[in-house]
Colleague: 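Attaching a single structure in structure tokens format; questions to follow.
Atoms within each ligand, like the ligands themselves, are counted from 1 in listed order.
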Amino acid sequence: MKLVIAADPAELALTVAQAVAAFIRANPGRLLSLAAGDTPLAALRELVSMQQRGEVDLNSVGYVGLDEWGGLGPADPGSCIEVMNRHFYHPAGIRPENLCVFNGLAADPEADAAAVLELVARRGPLGLTLLGIGMNGHLGFNEPGTSPDFIGGVVTLDDVTREVGRKYFAGRTPGGTGITLGLGTLGRADRILLMATGEKKRAILTRIAASPDDPALPASHFVNHPAATWYLDRAAAPDTV
Ligand code: PGA
């Protein structure tokens, strides 16, 4: 498990943003997938600041959405695309031709997901993905039990994901489905950055670190992945490290 441990969330955000910016500078034209959860937001905002200082051109790469809640779109506060638009795509001025995301409002979500996955297959593999680790060990909406070979698509959400997800929707419980890039697609990225902060993530991180390739813990498939680096703050770091 390749670990980078920072003193606190602010230092971690800076470290992650610098790693992502270095990748972007070295790899123009590649495809990135950046998670929309609370954890990576400070790093995404730091990337926007770096661009404003002329340190990176965020339009020199393409972006593919990691996931989306079924039935929600850009006008729904808390949807993945709304969060990413607000904190990253809009302030960074990402041009539409550099962006491809799942449409939670699609009449045929399977066909919409297939089109996104087809773009990743054509332009990919992913250059870099930045992922947050869920309270149940999920990545994107790769829920407990997901096969490491799953390329992505429409999934049934785990109860923990729906319960935790209420924080994004003013206490309302999100619906039962999600759309996600799969572990198989994420696992082919040149660089996989897994991020977690805070005491509340320490127990799941401790379980993940102790159980590589446990089907019940999707993130555990990346414990020994050669492209994966785990970026944790001290509070989230497993008891064993
Ligand atoms: P969080 O979510 O960053 O809001 O903790 C991570 C996740 O559940 O994917």
Colleague: Checking contacts here: is it the side chain or the backbone of Met135 that comes within 4.0 Å of ligand 1, counting heavy atoms only? Could be both or neither.
Modeller: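 No part of Met135 is near ligand 1 at this cut-off.
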Colleague: In terms of hydrophobic clustering (I, L, V, M, F, W, Y; side-chain heavy atoms under 4.5 Å; direct or indirect links), are Ile81 and Leu41 co-clustered?
Modeller: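 Result: yes, single cluster for both.
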Colleague: Whether the side chain of Arg166 engages the backbone of Gly171 through a donor-acceptor N/O pair (distance < 3.5 Å, no angle test) should be reported.
Modeller: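 Looks like yes, one N/O pair under 3.5 Å.
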Colleague: Side chains of Thr173 and Glu163: any donor to acceptor distance under 3.5 Å?
Modeller: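 The criterion, which ignores hydrogens and geometry beyond distance, is not satisfied for Thr173 and Glu163.
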Colleague: Give the atoms of ligand 1, by number and element, whose distance to some non-hydrogen atom of Gly134 is under 4.0 Å.
Modeller: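 So the answer, numbered in order with elements, is 7 (C), 8 (O).
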Colleague: Which residue supplies the protein heavy atom nearest to atom 3 (O) of ligand 1, what is that atom called, and how far is it?
Modeller: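 The answer is Thr39 OG1, 2.5 Å.
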Colleague: So if I count the atoms of ligand 1 from 1 in the order they appear, which ones are less than 4.0 Å from some heavy atom of Gly37?
Modeller: 3 (O)
Colleague: Tell me the protein heavy atom at minimum distance from atom 6 (C) of ligand 1, and give that distance in Å.
Modeller: Ile133 O, 3.9 Å
Colleague: Would you say His138 contacts ligand 1, with heavy atoms under 4.0 Å as the rule?
Modeller: yes
Colleague: In plain terms, say whether Glu46 and Arg53 are close enough for a salt bridge, that is, a side-chain N and a carboxylate O under 4.0 Å apart.
Modeller: yes
Colleague: I'd like to know whether Arg30 forms a salt bridge (charged side-chain N to carboxylate O under 4.0 Å, His left out) with Asp190, so could you lay out the CA-CA distance, the side-chain angles of the two residues, the decisive distance to 0.1 Å, and finally the verdict.
Modeller: CA-CA 10 Å; Arg30 295 298 301 274; Asp190 294 16; 2.9 Å; yes
Colleague: Any carboxylate oxygen within less than 4.0 angstrom of a Lys/Arg side-chain nitrogen, looking at Asp38 and Lys167?
Modeller: yes
Colleague: Show which atoms of ligand 1 fall inside a sub-4.0 Å distance from at least one heavy-atom site of Lys167.
Modeller: 1 (P), 4 (O), 5 (O)
Colleague: Just need the protein heavy atom nearest to atom 4 (O) of ligand 1, so name the residue and atom and give the distance.
Modeller: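 I find the closest protein heavy atom is Tyr168 OH, 2.4 Å.
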Colleague: With a 3.5 Å distance limit and no angle check, can you tell me whether Thr129 reaches the backbone of Leu186 through a side-chain donor-acceptor pair?
Modeller: no
Colleague: Which ligand 1 atoms does Gly132 reach within 4.0 Å, using its non-hydrogen atoms?
Modeller: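 So the answer, numbered in order with elements, is 9 (O).
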Colleague: Strictly distance-based, threshold 3.5 Å: is any side-chain N or O of Glu82 a donor or acceptor partner for the main-chain N or O of Gly78?
Modeller: yes
Colleague: Tell me whether Lys201 reaches ligand 1 (any heavy atom closer than 4.0 angstrom to a ligand atom).
Modeller: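 The answer is yes, since Lys201 has a heavy atom less than 4.0 Å from ligand 1.
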Colleague: With a cut-off of 4.0 Å, which atoms of ligand 1 are near a heavy atom of Asp38?
Modeller: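 By the 4.0 Å cutoff, the relevant atoms are 1 (P), 3 (O), 4 (O).
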